[in-house]
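Structure, as structure tokens:
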Amino acid sequence: MNDPQQRKRIALFGSTGSIGTQALDVIAAHPDLFSAEVLTCNGNDDLLIEQAIKFKPHCVVVVDESKYTKVKEALSSTDVLVFAGEKALVEVAGMDIYDQMLAAIVGYAGLKPTLEAIRAGKAIALANKETLVVAGDIVMQAALANRVPIIPVDSEHSAIFQCLVGEVRNPIEKVILTASGGPFLGRKTNYLVNVKREHALQHPNWTMGAKISVDSATLMNKGLEMIEAKWLFSLRPDQIQVLIHPQSVIHSMVQFEDGSIKAQLGLPDMKLPIQYALAFPQRVKNEFPRCDFRRFNTLNFDEPDYRTFRNLGLAIEALKKGGNLPSVLNAANEIAVYAFLRNKLGFLEMTDVIEETMQKVSFIGEPSLDDYYESDGEARQYAADLIKL
Ligand code: NAD
Ligand code: MG
């Protein structure tokens, strides 16, 4: 085992989620390389307690303050410090008790702790794409100013990142962002109008949290990923092509100026990009199942159905127009998705809510961080009023 001094100390923000729990599996498999020093959750106190007992972090944060006493009592016989609330989440992100953050909170809630971590000089393994959708310019500038690497966890962006290793001086002509198409690939509006939560949560290739599962079903996820790619790799909108690839074996591709294309392939398993982002620049041996191409003797590619999956067009509009529009798109989408998940809004109505909110919230061409916060609040309020929440 490595000297414990040399182990990378990881802070898992969103440790109880789909990405967070898979990251803990990776950490548990490599105790010589990593230790979990911070675990955080919104309200899943039972799982947080279980994780804290197993991984013995420096501290845990439960955002829902009503859960504080229970977590504190459950961990009273350990050395684990317990904090609660949104403010504590941001404060812990700035503490000198870890080396790298895994940003795996879902949605806008991930932005503030991630920015704080960047300001504190921590490397970021970024799963929380909404952070870049909302305030990509500010986040990337802060990373540059603090010399902080942002290593993507999102499988497509991890693929692009991996294709770019060793290509520092070679400009990108375009990136090809692959998309499985989600559970409703090939379906039309007359089918989608009746779709309910249970259908939308059944993704063919990936098991994920509820919000990103719905985003994958509406193709909003791919739209958010286009905006994420713009900031991560400094791309113009016309350099980002979305390609439907139902098998999810090619995780994405980069085309260089000589026309040559590099791709990264593998089975659809988030543990691989998580491990890559935690261990970068090392590739760590593991026991994950290997890709057998005899099982995939056909790989298909197609153009997305923009007429049916209108969210993708809305995201492209936000990508092209920039300013605060992506943050408005994101906020309206979060409100719409949570309303859909509670059966308060139809599948196709989500798009109407996002579209109308984007038209109504005032456009700001060069927003400050406070402008982004305000646009987020304004868009949430507008979307919630539309749905009559
Ligand atoms: P999830 O819903 O399974 O987990 C979310 C985590 O965030 C949980 O630990 C939860 O407690 C915490 N959380 C939720 N709301 C919070 C709040 N208001 N404040 C603080 N913490 C809060 O989500 P997930 O599927 O793990 O996704 C996490 C992020 O990773 C998302 O941004 C998603 O887009 C991205 N991502 C996920 C996958 C995947 O396979 N799941 C793939 C690529 C990218
Ligand atoms: Mg993805």
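First listed ligand is number 1; within each ligand, the first listed atom is number 1.
Taking the Mg ion (ligand 2) as reference, Glu156 places its N/O/S atom OE1 nearest.
Connection of Val62 to Leu81 is not established within any shared hydrophobic cluster, with ILVMFWY side chains joined at heavy-atom distances below 4.5 Å, either directly or through further cluster members.
Listed by number with element, the atoms of ligand 1 under 4.0 angstrom from any heavy atom of Ala127 are 30 (O), 32 (O), 35 (C), 36 (N), 44 (C). In the vicinity of Thr16, heavy-atom distances shorter than 4.0 Å reach the ligand 1 atoms 8 (C), 9 (O), 10 (C), 11 (O). For ligand 1 and Gly14, the ligand atoms under 4.0 Å from any heavy atom of the residue are 6 (C), 7 (O), 9 (O). Near Met270, meaning under 4.0 Å from one of its heavy atoms, ligand 1 places the atoms 40 (O), 42 (C), 43 (C). Applying the 4.0 Å criterion to heavy atoms of Ala109 picks out, from ligand 1, the atoms 17 (C), 18 (N), 19 (N).
Residue Met208 has no N or O atom closer than 3.5 Å to an N or O atom of ligand 1. An N or O contact shorter than 3.5 Å is missing between Gln22 and ligand 1 by distance. Checked by distance only, ligand 1 and Thr40 stay at 3.5 Å or farther apart across all their nitrogen or oxygen atoms. Considering backbone and side-chain atoms together, Ser155 places no N or O closer than 3.5 Å to any N or O of ligand 1.
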For residues 314-321, which side-chain N or O atoms pair as donor and acceptor with protein atoms under 3.5 Å away, sequence neighbours left out?
none

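A salt bridge (charged side-chain N to carboxylate O under 4.0 Å, His left out) check over residues 11-30, counting only residues at least two apart or in different chains, returns the pairs Asp25-Lys271.
Evaluated by nearest non-hydrogen atom to atom 28 (C) of ligand 1, the leading choice among Ala103, Cys41, Ser158, Ala104 is Ala104.
Contacts between Ile212 and ligand 1, counted as non-hydrogen atom pairs separated by less than 4.0 Å, involve the side chain only. When non-hydrogen atoms are compared, ligand 1 lies under 4.0 Å from neither the backbone nor the side chain of Glu86.
For an aromatic pair to be called close, the ring centres must be under 6.0 Å apart, and Phe280 with Phe161 satisfies this.
For the residue pair Ser248 and Asn205, a side-chain donor N or O sits within less than 3.5 Å of a side-chain acceptor on the partner.
Using a 4.0 angstrom heavy-atom cutoff, Lys211 does not count as in contact with ligand 1. At a 4.0 Å cut-off, at least one heavy atom of Val63 sits close enough to ligand 1 to count as contact.
Annotation: side chain of Met350 is not in contact with side chain of Met220 (no heavy-atom distance under 4.5 Å). Counting heavy atoms from C-beta outward, Pro57 and Val38 have side chains that stay 4.5 Å or more apart.
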